[in-house]
Amino acid sequence: MNLNLKFTYTQVIVACFFALIFLGGFLLCLPVASKTGEWTVFIDAVFTAASALCVTGLIVFDTWTHWSLFGQVVILLLIQTGGIGFMTVITIFSIYLKRTIGLHERQLLTQSTGLLQLGGVVRLIKKIVKIVIAFELIGAVILAVRFCPQMGFGTGLWNAVFHSISAFCNAGFDLMGKYGAFSSLTGYVNDFTVSLTIAALIVAGGIGFAVLDDMLFFRWRFHKYALNSKIALSVTGMLIVGGCLLFYLFEYNGLMKEFTVGEKIVASLFQSVSPRTAGFNSIDLAGLTEASVLLTIVLMIIGGSSGSTAGGIKTSTLAILIFNAFNSIRKTHSMVAFKRRLDDKTAKRAAAIVTIYLFAILAASIILCAVEECTMKEALFETASALGTVGLTLGITASLGVTGKIVLITLMFAGRVGWITLLLALARKRFDPPMERPAEKILIG
């Protein structure tokens with residue numbers, strides 16, 4: 001019997017993610033992982049592991065209340081691995097052991113990190129490690145200044161490290177359950193240092209490693225940035241400012257009615273940043289106006305930038321769709337951004353990604369409404385949060401049944417790996433015949 005099976009790079013990536021989720025789930029279901037010393041139900045452990053590795057933040061148990069220090073360390077390791085990519089972690093160990101990085105590993109690195117070309121991938125990986133360590137260390141030091149006086153040195157330091165890594169990796173896991181289960185950062189809504197530090201880490205992690213590399217190398221010389229970096233920074237800036245302004249207006253006389261002007265601005269800024277795959281919240285989401293809920297869902301679907309710790313359809317995909325729409329209105333044939341022409345295949349890929357995302361959210365929402373006791377608004381919010389690897393919830397995650405949890409695990413997995421990657425891994429390679437079918441027009445719009 002011939003067992004010589006050949007796997008594509010995308011299939012290897014998907015299989016490794018799948019294996020890590022079950023390994024993490026096994027470790028988290030052990031008695032040593034819970035504070036009570038009891039076994040955790042396997043589906044709940046797998047859900048938590050999937051949420052951590054896919055840097056989502058949806059949880060069925062409060063992280064501080066349920067998990068022991070061992071469990072919290074496992075979750076943090078899964079977050080770090082999922083944030084920078086497991087292939088990056090493997091490469092780090094290979095470099096440390098002075099092992100040669102082969103062509104096969106370079107191809108996997110290119111695929112898993114979302115790079116456009118094979119050349120310089122190991123050099124960029126080394127830079128990614130330095131960038132991650134620098135940002136997470138700086139964030140931990142700043143947060144420790146606030147947490148240590150409040151929680152004690154040991155607990156405060158652990159909280160600072162945990163939240164810094166969780167924020168930079170856009171994971172949304174927190175240890176604030178000591179002040180109230182599932183409270184996230186609501187106790188720090190008026191603490192500008194904590195709110196702005198977490199927000200800065202979220203943006204840094206979600207902007208993309210290639211973009212950060214351009215920013216560190218070219219500094220303020222924006223004209224020398226790669227086109228991908230220019231688009232990512234421009235769209236991110238507009239989403240942050242626009243989202244902040246809209247949340248300020250929507251919640252001015254709502255949840256933030258009793259806040260000072262400064263607190264309203266910072267809370268609006270934080271709420272504008274966090275839905276784009278971070279998962280922290282500094283205000284009670286259950287009290288949001290309908291307009292704010294819809295805005296949050298839109299931001300969760302958009303997500304961060306390509307090649308980052310963030311999920312969603314990505315800022316570049318949004319930009320491509322907008323460019324393509326303007327081209328259709330103006331009846332021009334080529335898309336141009338920052339004096340560069342964009343490939344037509346990119347527009348088709350962007351349209352495919354958005355179509356798959358919207359279909360997945362609608363299908364999953366229908367399933368949740370059918371099998372779980374939740375409203376349509378809660379189902380849409382939950383599925384958009386899972387697929388966008390965000391982690392925000394209106395409070396129904398912990399009450400979901402097995403079917404609902406499996407649906408969300410699938411969405412989180414697909415959202416982190418990428419729908420295109422997942423479909424490529426599952427699809428068989430097909431060779432089109434060397435012929436072209438007759439073309440015919442149909443009515444659209």
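Across all non-hydrogen atoms, the minimal contact from C374 to I396 is CB-CD1, 4.0 Å. Scanning both residues, R416 and G83, for their nearest heavy atoms gives NH2-O, 3.4 Å. Summarising the geometry of Y357 relative to G312, their closest heavy-atom pair is OH-O, 3.2 Å, with the distance given to 0.1 Å. Contact detail for S184 and F280: the closest heavy-atom pair is OG-CA, 3.7 Å. A pairwise comparison of heavy atoms in K178 and L175 identifies NZ-O, 2.8 Å as the closest pair. F182 and V60 get closest at one heavy-atom pair: CZ-O, 4.1 Å.
The backbone N or O of T375 sits less than 3.5 Å from a side-chain atom of E378, completing a donor-acceptor pair. Between the side chain of T56 and the main chain of T389, no donor-acceptor pair closer than 3.5 Å is present. Using a distance-only test at 3.5 Å, with no hydrogens or angles considered, a donor-acceptor pair links the side chain of K230 to the main chain of H223.
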Quiz item: When you look at F270 and V189, which way does the side chain to side chain contact (heavy atoms under 4.5 Å, CB included) test go after all the steps?
Solution: CA-CA 9 Å; F270 190 90; V189 64; over 6 Å; no
Exercise. For side chain to side chain contact (heavy atoms under 4.5 Å, CB included), just list the numbers for I59 and T397, CA-CA rounded to whole Å, side-chain angles, deciding distance to a tenth of an Å, and then say yes or no.
Key: CA-CA 7 Å; I59 52 176; T397 310; 5.9 Å; no
Self-check item: From CA spacing to verdict: salt bridge (Lys or Arg N to Asp or Glu O under 4.0 Å), K257, E251
Solution: CA-CA 7 Å; K257 185 177 181 179; E251 300 299 333; over 6 Å; no
Quiz item: Where do T48 and S51 land on the side-chain hydrogen bond (donor to acceptor under 3.5 Å, both in side chains) test, with the steps shown first?
Solution: CA-CA 5 Å; T48 304; S51 183; over 6 Å; no
Quiz item: Checking ring pair (Phe, Tyr, Trp, His ring centres under 6.0 Å) for the pair Y188/F147: CA distance, chi angles, key distance, verdict?
Solution: CA-CA 11 Å; Y188 293 88; F147 290 161; 5.6 Å; yes
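Counting heavy atoms from C-beta outward, L143 and V161 have side chains that stay 4.5 Å or more apart. For the pair Q80 and V132, the minimum side-chain heavy-atom distance is below 4.5 Å. Between K314 and I353 the shortest side-chain heavy-atom distance does not fall below 4.5 Å.
Rounded to the nearest 0.5 angstrom, L285 CG and T296 OG1 are separated by 7.0 Å. If you take OG1 on T36 and CH2 on W67, they are separated by 9.5 Å, rounding to the nearest 0.5 Å. Considering CG of L201 and CD1 of I165, their distance stands at 10.5 Å, rounded to 0.5 Å. L58 contributes atom CG, which lies 8.0 Å from atom CZ of F173 (distance to the nearest 0.5 angstrom). Interatomic distance, I207 CD1 to I202 CD1, rounded to the nearest 0.5 Å: 13.0 Å.
Other residues, nucleotides and ligands place no more than 12 heavy atoms under 6.0 Å from the NZ atom of K130. Environment of CZ in F359: sparse, with no more than 12 heavy atoms of neighbouring residues, nucleotides or ligands closer than 6.0 Å. Atom CZ of F326 is surrounded by 12 or fewer heavy atoms from other residues, nucleotides or ligands within 6.0 Å. Within 6.0 Å of CD on E373 lie no more than 12 heavy atoms contributed by other residues, nucleotides or ligands. In this structure, F217 places its CZ atom where only 12 or fewer heavy-atom neighbours from other residues, nucleotides or ligands lie under 6.0 Å away. F42 CZ: more than 12 foreign heavy atoms inside a 6.0 Å radius. Sparse packing is recorded around CZ of R219, with 12 or fewer heavy atoms of other residues, nucleotides or ligands lying under 6.0 Å away.
Ion pairing of D214 with K224 is absent here, as no side-chain N (NZ or NE/NH1/NH2) approaches a carboxylate O to less than 4.0 Å.
Under the 30°/60° scheme for interplanar angles, the aromatic rings of F218 and Y225 are found to be tilted.
V407 pairs with exactly one of I409, T410, L411 by the side chain to side chain contact (heavy atoms under 4.5 Å, CB included) rule, that one being L411.
In this structure, K264 is positioned above the aromatic face of Y252, its NZ or CZ under 6.0 Å from the six-membered ring centre and within 45° of the axis.
Taking the ring centroids of F22 and F18, they lie under the 6.0 Å cut-off.
For the residue pair S282/T186, the side-chain donor-acceptor check at 3.5 Å is not satisfied. Judged by distance alone, the side chains of Q72 and W158 do bring a donor and an acceptor atom under 3.5 Å apart. At a cut-off of 3.5 Å, with distance as the only test, no side-chain donor of S68 or S34 sits close to an acceptor on the other residue. In this model, a donor atom of one side chain and an acceptor atom of the other lie less than 3.5 Å apart for T40 and H66.
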